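Presented below is the structure to which this report refers.
Just so we're clear, the structure is a prediction, and the values are computed from it rather than from any experiment. Computation of the quantities below employed the complete heavy-atom set of this structure, encompassing side-chain atoms and omitting hydrogens, waters and symmetry-equivalent molecules.
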Amino acid sequence: MADQTYSVLSGVMKRLRDMLNGTFAEVVFVDKRRAGLSANTNIGVSSAQIIAAGAFIEQVMVQNTHATQSMYVSFNDPATVADFQILPGGSVAYAFGPTNALFAIGSGVSTTYAITGA
């Protein structure tokens, strides 16, 4: 255990040294317990919550996996077709973990989508 702790601390000290020397490459640490991937699921023509408030803390991406139907996302409830449109096959990525819930509505019945996040 002591050797593992030393190894971790040694790596942290190297990153700090590199940062001070200007050679630091951005490293993103993700808590694997919070990472997630949704199976391909669907949304209909009524607004529904697709991501719970605080579900992800680092980033989140929503991909419209339907071939012909659009989906619309909003941090306001309800989502409407006047909100942010994700075209068929398109996606939207947020470089932060939303503190609010995310709502969506499809342009047709069974508009499919997938979510990844951490």
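Shown here for Ala79 and Asp83, the closest heavy-atom pair between the two residues is CA-OD2, 3.3 Å. For Thr111 against Gly106, the heavy-atom pair with the smallest separation is OG1-CA, 3.5 Å. The heavy-atom pair separating Met71 from Asn64 by the smallest distance is N-ND2, 3.5 Å. Across all non-hydrogen atoms, the minimal contact from Ile115 to Phe56 is CG2-CE1, 4.0 Å.
Residues Leu102 and Ile105 are members of separate hydrophobic clusters, defined by side-chain heavy-atom contacts under 4.5 angstrom among Ile, Leu, Val, Met, Phe, Trp and Tyr. The cluster map of Ile, Leu, Val, Met, Phe, Trp and Tyr, joined by side-chain heavy atoms under 4.5 Å apart, puts Tyr113 and Val60 in the same cluster.
Evaluation of the side chain to side chain donor-acceptor pair (under 3.5 Å) rule for Thr65 yields Asn40, Thr112 as partners, not counting sequence neighbours. Partners of Ala48 according to the side chain to side chain contact (heavy atoms under 4.5 Å, CB included) rule, which considers only residues two or more places apart in sequence or in another chain, are Ile43. Under the side chain to side chain contact (heavy atoms under 4.5 Å, CB included) criterion, Ser91 pairs with Met61, Gln63, sequence neighbours left out. Every residue was checked against the side chain to side chain donor-acceptor pair (under 3.5 Å) condition with Ser47, not counting sequence neighbours, and none meets it. When the ring-ring contact (aromatic ring centres under 6.0 Å, His included) test is applied to Phe84, no partner is found at least two apart in sequence or on another chain. For Gln59, there are no side chain to side chain donor-acceptor pair (under 3.5 Å) partners two or more places apart in sequence or in a different chain.
One finds the CD1 atom of Ile57 at 14.0 Å from the CZ atom of Phe96 (value rounded to the nearest 0.5 Å).
Listed by first and then second residue, the ring-ring contact (aromatic ring centres under 6.0 Å, His included) pairs involving residues 57-76 are Phe75-Tyr94 (not counting sequence neighbours).
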